[in-house]
Amino acid sequence: MSGEFGGKVAVVTGGSLGIGRAVVERLAAGGAAVVFCGLDEESVRAAETQLRDKEHDVTGVVADVTDAAQMNGLVGLAVERHGGLDTVVTCAGIQRYGTVEDTTEELWDEVLGVNLKGVFLVCRAAVPELRRRRGGTIVTMSSVQAFASQDRVAAYTASKSAINGLTRAMALDHAADGIRANVVCPGSVDTPMLRWAADLFRGDTSQDDQVAEWGRAHPLGRVARAEEVAELVAFLAGPRSSFITGAEHRVDGGLLARNPAALPEV
Ligand code: NAD
């Protein structure tokens, strides 16, 4: 029961890799019992084993965020095992590339299905349980692309902007239930997703060089570590942020602070 999240129960989607994996570890290290899902058995089992080896109370489940029954089951498992639910963090997400012109309906549905409907489904399952405990928190994972888009990410950037809107809506609708909802908007973060993207675009350079180049676009000169995003999530999930709800929080190394129309050298 000790620690910032002692006695608390959390559900984390996309908790087997990347940002979600760091969130699971951060909440569990703070004393929470965490039930998380991922899409593939191998990464779920690996994360569960590694975190249990550190004596964290974690349960990993293979579940698809686009499936309502599986999201009901994920929340149900947390409640059955730990007696209730205090926090939901939605980290499951995918990146795909394309303009509106060359985005197929299948790709659009895939991206919006995982990134947006996936948030809706797990939050819909969780709200009655969060209401029961009062003081519940929802933290959604968006992106700087909710504010400033790259080229050729039409579906992804649409999904991320919509997550920000959905989070505001949940914050308003459930404030009277004592539930707070906030959205986190990272810049580039060193995760399997970023490494996959680096491989797509690196050309003749190495994966590390491509990641470093993206890092140089951030005023702090590097991409984030997943743990740096998890720290903000922990703040928003816990009692230290008790008067913060319906808000967008950037963790982007200053990326969006810069106007890219540079002054000429003098
Ligand atoms: P990642 O690919 O490294 O990990 C994604 C996780 O989501 C994995 O656990 C995977 O199993 C899970 N997942 C994917 N599809 C799923 C599905 N249908 N059902 C259940 N789980 C599923 O990704 P990441 O880089 O850690 O990204 C996490 C979130 O942060 C995403 O929403 C992403 O858009 C966002 N984000 C990432 C970056 C970045 O640079 N890495 C930047 C901004 C925002």
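Counting starts at 1 for both ligands and their atoms, following the listed order. Since the structure is predicted, the reported quantities are computational estimates derived from the model, not experimental observations.
The local environment of CZ in R45 is crowded, with over 12 non-hydrogen atoms from other residues, nucleotides or ligands closer than 6.0 Å.
Between V65 and ligand 1, at least one N/O pair is under 3.5 Å apart. Any N or O atom pair closer than 3.5 Å counts here, and L39 shares at least one such pair with ligand 1. Among the atoms of S43, none of the N or O lies under 3.5 angstrom from an N or O of ligand 1. Of the polar atoms of S16, at least one N or O is found under 3.5 Å from an N or O of ligand 1, judged by distance alone.
For atom 40 (O) of ligand 1, the candidate residues are V119, V189, I19; the nearest heavy-atom contact is made by V189. Closest heavy-atom approach to atom 28 (C) of ligand 1 within the set G15, G93, C91, A224: this belongs to C91. Of the candidates S143, G187, G18, A226, the one placing a heavy atom closest to atom 42 (C) of ligand 1 is G187.
With a 4.0 Å cut-off on non-hydrogen atoms, Y156 touches ligand 1 through its side chain and not its backbone. Contacts with ligand 1 closer than 4.0 Å are made by backbone heavy atoms (N, CA, C, O) of S142 only, the side chain lying farther away. With a 4.0 Å cut-off on non-hydrogen atoms, V114 touches ligand 1 through its side chain and not its backbone. Neither the backbone nor the side chain of Q145 has any atom closer than 4.0 Å to an atom of ligand 1 (non-hydrogen atoms only).
Side-chain contact annotation: T99 with D102, donor-acceptor N/O pair under 3.5 Å present. S16 and R21 share no donor-acceptor pair across their side chains, judged by distance under 3.5 Å alone. If you check the side chains of T13 and T90, you find no donor sitting under 3.5 Å from an acceptor. Between the side chains of Q207 and D199, at least one donor N or O sits under 3.5 Å from an acceptor N or O. Donor-acceptor pairing under 3.5 Å is recorded for the side chains of S43 and D40. Side-chain contact annotation: D252 with H218, donor-acceptor N/O pair under 3.5 Å absent.
Salt bridge R195/D208: present, at least one basic N to carboxylate O contact under 4.0 Å. Between E213 and R202, no side-chain nitrogen of the basic residue sits less than 4.0 Å from a carboxylate oxygen of the acidic one, so the salt-bridge criterion is not met. Using a 4.0 Å cut-off between charged side-chain N and carboxylate O, K117 and E110 make no salt bridge.
Distances below 4.0 Å separate heavy atoms of S188 from the following atoms of ligand 1: 40 (O). Listed by number with element, the atoms of ligand 1 under 4.0 angstrom from any heavy atom of L194 are 40 (O). Short contacts between ligand 1 and G38, defined as distances under 4.0 Å to a heavy atom of the residue, involve ligand atoms 11 (O), 21 (N).
Each of V12, V34, L27 was compared with V58 under the side-chain contact (heavy atoms from CB on, under 4.5 Å) criterion, and only V34 meets it.
Closest protein heavy atom to atom 30 (O) of ligand 1: M141 CG, 3.2 Å. For atom 4 (O) of ligand 1, the nearest non-hydrogen atom of the protein is L17 CB, 3.8 Å. The protein non-hydrogen atom at the shortest distance from atom 23 (O) of ligand 1 is M193 CB, 3.4 Å. From the protein, the heavy atom lying nearest to atom 13 (N) of ligand 1 is A92 CB, 4.0 Å. Nearest non-hydrogen protein atom to atom 32 (O) of ligand 1 is K160 NZ, 2.8 Å. Among protein heavy atoms, atom 43 (C) of ligand 1 sits closest to P186 O, 3.4 Å. Summary of contacts: the protein heavy atom closest to atom 24 (P) of ligand 1 is T191 OG1, 3.6 Å. With hydrogens left out, the protein atom closest to atom 20 (C) of ligand 1 is A63 O, 3.1 Å, a heavy atom.
Between the D177 side chain and the I179 main chain, no donor and acceptor come within less than 3.5 Å of each other.
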Test salt bridge (Lys or Arg N to Asp or Glu O under 4.0 Å) applied to R26 and E4, step by step:
CA-CA 10 Å; R26 177 64 182 81; E4 183 184 2; 3.2 Å; yes
